[in-house]
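Note on naming: letters A, B, ... go to the chains in the order of the sequence lines (proteins, then strands), and numbering restarts at 1 for each one.
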Amino acid sequence: MFETLFWQVAKIWAVLIPLFLAVAYFTYAERRVIGHMQDRRGPNRVGYRGLLQPIADALKLLFKEITIPTQANRALFVIAPTMAIMPSLAAWAVIPFDQGWAIADINAGLLYILAMTSLGVYGLLLAGWASNSKYALLGTLRSAAQIISYEIAMGFALVGVLMAAGTMSLTGIVEAQAGPVWNWFWLPLLPLFLVYWIAGVAETNRAPFDVAEGESEIVAGFHVEYSGMAFAVFFLAEYANMLLISVIAATLFLGGWYSPVAGLPVLGPALAWVPGVVWLVLKAAIFAFCYLWFRATFPRYRYDQIMRLGWKVLIPVTVVWLVVLTGFAYTGLGPWF
Amino acid sequence: MRPLSEYLQGFLLVELLRGMRLTGRHLFRRSVTLEFPEERAPKSPRFRGHLALRRYPNGEERCIACKLCEAVCPALAITIDSYQRQDGTRRTSRYDIDMFKCIYCGLCEESCPVDSIVLTRVDLFHMEDASERVIDKQGLLEMGDRHEAQIAADRAADAPYR
Amino acid sequence: MEQVIFYIFAAVLLFAGAMVITVRNPVHAALFLVLAFFNAAILWVLAGAEFLGIALVVIYVGAVMVLFLFVLMMLDINVAPLREGFARYLPVGALVAALMAAQLGGVILAEQAGLTGGMIPAPSGETNNIQVLGALLYTAYVYPFEIAGAILLVAIVAAIALTLRPVQRGRYQRIGEQLATSKRERLRIVKMKPRGGGAEQ
């Protein structure tokens, strides 16, 4: 029994440590990429080409004091960062990194992910309310309303994937996409793919949907009052969530661990030696890069425009496409292969 | 009623993609950042930086204590006392500039009949104590001695336009 | 092992449930309710009903309780007046509690007495309970399911109708129009010749 326990814990760390590293270097990539998109250079002083910058930042945050406002609700104020990071790490449990490489390959994997992403909002809610600050409360209300609205569109998009794959297990969904690029779900489910991606950006409160943080209006939104490590945990949760959304997008719509030339006559065997996890990471990197690209490109949406987009555009689009999918499934003219 | 093409453009995210193309192109463009201590922006010969007092090539100080600069200084940063030297010339016994008051307008240089007070190219300097803000005659002359070559070159470069 | 886990989570569930009704701060109460839901979901998953368990988290914890908290945070309820009529409402509360206890007891004892109507299918080992649920909902229970859906739709329409105000006359933003404008409508670029030969003074 202890041996299985040990292996489970080892597996969890085998996912978490690369994840933390990825988060650290994702922040570095963000600053460099956005810098270059704005004709700047970004951090390049700490270590070779600034590669040690994230470590320096982490150390700095680690040694800073955590201040708790006197009027804050102490217990909730301290719990909030944990509540924010817990679901964004827990969701990684069901991601299949390769054939059979998942910590827990459960039947309701898709639902589990939906549940975990919807739990993330509690961290924001508690942080905003417990800080007892008007900016924090405003940020909280905005982000809570936004996350709940976009969850519906996201859920509908996932229903489309579920219909196409016929299973809720993430491994099953990836296996249903076996084959080269045009076998993956992004093609038959293109509208849902876009809706999922937009909703994913909105769920993580990233630009252009970052009214919850809105630096120019409400300072930093729900985490104005946080400093030091508590702030770092929120930061970590946000970036882990972004990576999570990217990896899920790669899993559900871009064929997970399959190589883009799998099953082709010459290229397929030629690239068969590349492990599946490499393909997954490369695909997720496309989405992660898009996050940065969006942030460098788009101005922030106004709050009512966000609500309009979520309720009046994305949800109808997904519902229409679900009906189309049902038609395909009923007539047997499957758009999937 | 909007034309159908606008709906189509909206749904195909044409404008968003156009914006992303712009930022995408800039990703590969040369960045305009200067890496400060190693790289510096070019400076004009007319640059107005730290103040200095000049000497003639024979080592005699130029300043004749006419106090025009003291009079013209809009920030009242200059304080001058004068006396008569043994050889009968009028010289300054005190020439203080308060660097906190100075606004680097360059009027003192314009008013000087003997090109004595000048603004150098030096723009990076600091004080560790507030009392060091007042630079006396000695300090200003040293400043001029140290940068004389640069100062002379800048004045020569600007001469055709004056 | 599973027994131990069950009792741990059951204990947390009971504790959270008790805290919901005893704690003073309404926000704390709502958070304890979240904890209770979460533990209930875990117990369901332990019992093999993973779909129901996760659905409980998605719907109640992820959406309903967030809205609850939302309202609680906005209202800033003063608790003291709420506690005033405790003795007056006690009989009604006790009656409801007794009724619920009796109903629960009825279900449990009925099974003991062998009075079940065969409604509860025994959990079979390796069945995928999402598929089983789906099959049941869309075959045996299709009418109740659809009727429930229709009732919810009516409720949504009713709620929207209640809050829908007549179009106000004041100035408000027509977002559709704002989004539909093009550069041509808003911006006029005027080309002007520079005046003189640059030698004015």
Other residues, nucleotides, ligands: >12 heavy atoms within 6.0 Å of [X] [atom1]:
{"X": "Y135(A)", "atom1": "OH", "answer": "no"}
{"X": "F234(A)", "atom1": "CZ", "answer": "yes"}
{"X": "R302(A)", "atom1": "CZ", "answer": "yes"}

| task | Using a 4.5 Å cut-off on heavy atoms from C-beta on, say whether the side chain of L72(C) contacts that of W129(A). | result | no
| Going through the checks in order, is the side chain to side chain contact (heavy atoms under 4.5 Å, CB included) test met by V58(C) and E151(A)? | CA-CA 10 Å; V58(C) 173; E151(A) 209 152 80; 5.5 Å; no
Chain C heavy atoms under 4.5 Å from [X]: which part of the residue, side chain, backbone, both or neither?
{"X": "L119(A)", "answer": "side chain"}
{"X": "I148(A)", "answer": "side chain"}
{"X": "A145(A)", "answer": "both"}

| note | The complete set of side-chain hydrogen bond (donor to acceptor under 3.5 Å, both in side chains) pairs with one or both residues in residues 141-150 of chain A, sequence neighbours excluded, reads R142(A)-E217(A), Q146(A)-N205(A), S149(A)-W311(A)
| Who in residues 62-70 of chain C is close to chain A, using a strict under-4.5 Å heavy-atom cut-off? | G62(C), A63(C), M65(C), V66(C), L67(C), L69(C), F70(C)
Output the option from [options] having the highest count of non-hydrogen pairs under 4.5 Å with chain C.
{"options": "V121(A), L141(A), N73(A)", "value": "L141(A)"}
{"options": "I152(A), T140(A), T117(A), L126(A)", "value": "L126(A)"}
{"options": "L114(A), L137(A), L76(A)", "value": "L76(A)"}

| message | side chain to side chain contact (heavy atoms under 4.5 Å, CB included) for I79(A) and L31(C)? Distances and angles first, verdict last. | response | CA-CA 12 Å; I79(A) 290 174; L31(C) 289 172; over 6 Å; no
